[in-house]
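The block underneath contains the structure these notes are about, expressed in structure tokens.
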Amino acid sequence: VKVLKCVPEIEVENVVLGQYVGDPKGQGEARNGYLDDPTVPKGSVTPTYAAAVLYVQNERWDGVPFVMRCGKALNERKAEVRLQFRDVPGDIFQSQCKRNELVIRVQPNEAIYTKMMTKKPGMSFHPEEAELDLTYGSRYKVRESAGEGLLSDS
């Protein structure tokens, strides 16, 4: 609750709204956009996608953007927290590196993994992305359903 009290009102310039459109080259449902749905009023401007950046104004999180995205008819259905770490000062790889990140996936396929740039072994000076992965389902036997999990945890 303390952290939430440190989040100021989201500013309009930190928000993006959109509406999905069909892909003329797509197959089946992918060809249809939001306005192609017969239950949607013609000319509707209802957003089907939103992205917002918020900041926590306290000493620990000062200047760190938190990006929230959600939408309908996206390529993937997932819920995850993705933390991107700051770029390392003194870039010896001359901008060849992606940002290191920690990903906590809530659903589907619960997982915690980190992606980090590492130097390839040997005399070359080329970075590559490496992952340390704890995908719950591959590490442990996965429960068949959420209901079954509730019963076995009680």
Query - Over all atoms of both residues, closest heavy-atom pair of Tyr113 and Leu134 - result: CB-N, 4.5 Å

Query raised in the report: For the atom pair CG (Leu54) and CD (Glu11), what is the distance rounded to the nearest 0.5 Å?
Result: 11.5 Å

Query - Donor-acceptor contact below 3.5 Å, side chain Thr114 vs main chain Glu101 - result: yes

Query raised in the report: Quick one: does Asp36's side chain have a donor or acceptor within less than 3.5 Å of a partner on Gly33's backbone?
Result: yes

Query raised in the report: Quick check: are there more than 12 heavy atoms from other residues, nucleotides or ligands sitting under 6.0 Å from CZ of Arg69?
Result: no

Report task. Tell me, yes or no, whether the heavy-atom count around Gln27 atom CD, taken from other residues, nucleotides or ligands under 6.0 Å, exceeds 12. Result -> no

Requested in this report: Might you point out which heavy atoms bring Ala111 and Thr135 nearest each other, and give the distance in Å?
Outcome: CB-CA, 3.7 Å

Query - Straight-line distance of Ile112 CD1 to Asp133 CG, nearest 0.5 Å - result: 10.5 Å

Report summary line: Separation between CG (Asn100) and CG (Leu83), nearest 0.5 Å, reads 12.0 Å

Query raised in the report: Do Lys72 and Tyr20 touch side chain to side chain, with heavy atoms closer than 4.5 Å?
Result: yes

Query raised in the report: Is there a donor-acceptor pair closer than 3.5 Å between any side-chain N or O of Gln19 and the backbone N or O of Thr46?
Result: yes

**Report entry** Step-by-step side-chain contact (heavy atoms from CB on, under 4.5 Å) determination, Gln84 to Lys115
**Finding:** CA-CA 9 Å; Gln84 288 190 340; Lys115 294 178 175 183; over 6 Å; no

Query raised in the report: What is the distance from atom CG of Asp37 to atom OG1 of Thr48, rounded to the nearest 0.5 Å?
Result: 11.5 Å

Requested in this report: Would you check if the side chain of Arg105 reaches a backbone N or O of Glu80 as a donor-acceptor pair within less than 3.5 Å?
Outcome: no

Query raised in the report: Does any non-hydrogen side-chain atom of Pro108 lie less than 4.5 Å from one of Lys78?
Result: yes

**Report entry** Fellow cluster residues of Tyr55, listed by chain then number, with links counted only when side-chain atoms sit under 4.5 Å apart
**Finding:** Val53, Val67

Query raised in the report: Does Glu59 CD have over 12 foreign heavy atoms under 6.0 Å away?
Result: no

Query - For the student: nearest non-hydrogen atoms of Arg31 and Pro24, plus distance - result: NH1-O, 2.8 Å

Query raised in the report: Are Leu17 and Phe66 joined in one hydrophobic group, where the rule is that I, L, V, M, F, W and Y side chains link up if heavy atoms are under 4.5 Å apart?
Result: yes

Query raised in the report: Are Leu102 and Met68 co-members of a hydrophobic cluster defined by side-chain heavy atoms under 4.5 Å apart?
Result: no

**Report entry** Joint cluster assignment, Val64 & Val56, ILVMFWY side-chain distance < 4.5 Å
**Finding:** yes

Query raised in the report: Looking only at heavy atoms, which two atoms of Pro41 and Leu35 are closest? And how far apart?
Result: O-CD2, 4.2 Å

